[in-house]
There are 2 protein chains.
Amino acid sequence: MNQIKKKRHPLQGKQERYIQPSILLGLYGKPSYGYELIQNIQKFGFLKGQAPPGMIYRHLRQIEEDGLVLSEWDTEGTGPARRVYNITPEGEEMLAIWVEYMETQSKNLSSFIKQYKQRLKESG
Amino acid sequence: MNQIKKKRHPLQGKQERYIQPSILLGLYGKPSYGYELIQNIQKFGFLKGQAPPGMIYRHLRQIEEDGLVLSEWDTEGTGPARRVYNITPEGEEMLAIWVEYMETQSKNLSSFIKQYKQRLKESG
DNA sequence: ATATATATATGCTAATAGGATATATGTCAA
DNA sequence: TTGACATATATCCTATTAGCATATATATAT
């Protein structure tokens, strides 16, 4: 009966998974659709395993509502119809903002790790 | 009436703020207490401005329940009594796990940024 | 006396994630 | 030709977390 504890475990809980910028970068330069993005987005490494479909589709509809992407049905080709997304100029701006933020995070993380190792050495 | 939109804005919404590892590193090698940690934790750069007190105290009690820290009241000295926290061995282990995770995130972020800049150059 | 800094704590609401599940279409093999 | 499977999108419910306000109390400075 330690599921309760496990649920509270920080590294099993909510982590920054960068789903929105991953979707935007996945669409940058090349239109795509939910199912394909699910396969591609995990390559960025922020998700362990496959991206949960429900969340990807929710994100896609949300960012379309926010004007970051535009979709249209693609009934051509094989298989079920696909809702194909294109990034908008607003979406590209948002991606740039995300990248700025990620650069800051990356620097903060490096600095944090450095400080940790310093203190580890001192106490070791 | 665009508060609704603003609330949904990703970079104004939930970001990874690394409060738990920041508290743990803040206690690593040196006991401290809530009010002091609030001042110190912002130096890591993950929070814009001051850390929200309510969240810090909630985190502290949570991680004590999880066995990562131990507290005792310090009624000596000036001002109101302080609940002084010490990190436990379990807390140090958890911090090490956090740092591992943060190293991974840092690498993923660098890689993401690199891919973004590559595609920007191609389309530019 | 009273305003301010120090110090901890709780309550309420909104946002997000997790996970299951529903629905539908086309392909392929027995 | 039917049943299994891959493709593809979408929604529902609950648990977790964040955001923010506020309560409470003590010491210090004016």
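Letters go in sequence order (proteins before strands), and every chain restarts at 1. The structure presented is a predicted model; accordingly, all values stated were derived computationally and were not measured.
Judged by closest nucleotide on DNA chain C, A/Arg58 is the one of A/Gly77 and A/Arg58 placed further toward the 5' end. Along DNA chain D, the nucleotide nearest to A/Gly54 and the one nearest to A/Ala81 differ in position, and the one closer to the 5' end is contacted by A/Ala81.
Counting to the nearest Å, the P atom of D/dT7 and the CD atom of A/Gln39 are 7 Å from each other. Atom CZ in A/Phe46 sits about 19 Å away from atom P in C/dT16, given to the nearest Å. Following rounding to the nearest Å, B/Leu47 (CG) and D/dT17 (P) show an atom-to-atom distance of 17 Å. Going from atom NE2 of A/His59 over to atom P of C/dA15 covers 14 Å, rounded to whole Å. Residue A/Met55 contributes atom CE, which lies 13 Å from atom C1' of C/dA15 at whole-angstrom precision. If you measure from atom CD of A/Glu36 to atom P of D/dA6, you get 18 Å, rounded to the nearest angstrom. Going from atom CD of A/Glu76 over to atom P of C/dT25 covers 17 Å, rounded to whole Å. To the nearest angstrom, P of C/dT25 lies 16 Å from CG of A/Asp74.
For the OP1/OP2 pair of D/dA8 and a distance below 4.0 Å, the side-chain nitrogens and oxygens of A/Arg82 include at least one atom meeting the criterion. Side-chain N/O atoms of A/Thr78 include one lying less than 4.0 angstrom from OP1 or OP2 on C/dT27. Under 4.0 angstrom from either OP1 or OP2 of D/dA10 there lies no side-chain N or O belonging to A/Tyr57. A close approach under 4.0 Å does occur between a side-chain nitrogen or oxygen of B/Tyr33 and OP1 or OP2 of C/dA7. OP1 or OP2 of C/dA9 lies within a sub-4.0 Å distance of a side-chain N or O belonging to B/Arg83.
Taking a pair to require two hydrogen-bonding distances under 3.5 Å in either a Watson-Crick or a G-U wobble arrangement, D/dA29 pairs with C/dT2.
Smallest separation of non-hydrogen atoms from B/Tyr28 and A/Tyr116: CE2-CE1, 3.9 Å.
Side-chain atoms of B/Thr104 and B/Glu100 form no donor-acceptor pair, as typed in the model, at a separation below 3.5 Å. Between the side chains of B/Thr88 and B/Glu92, no donor N or O sits under 3.5 Å from an acceptor N or O.
Set against D/dG19, C/dG18, C/dA9, the side chain of B/Arg17 has D/dG19 as its closest nucleotide. When each of D/dT9, D/dA10, C/dT6 is scored by its nearest atom to the side-chain atoms of A/Arg61, the top-ranked nucleotide is D/dA10. In the set C/dA9, D/dA8, D/dT9, D/dT9 carries the atom at the smallest distance from any side-chain atom of A/Pro53. Looking at the side chain of A/Tyr35, the nearest of the listed nucleotides D/dT9, C/dA17, C/dA9 is D/dT9.
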Give the C-alpha distance, both sets of side-chain angles, the deciding distance and a yes or no for side chain to side chain contact (heavy atoms under 4.5 Å, CB included) between A/Leu25 and A/Phe44. CA-CA 10 Å; A/Leu25 184 54; A/Phe44 295 127; 3.6 Å; yes
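Under the 30°/60° scheme for interplanar angles, the aromatic rings of A/Trp98 and A/Tyr18 are found to stand perpendicular.
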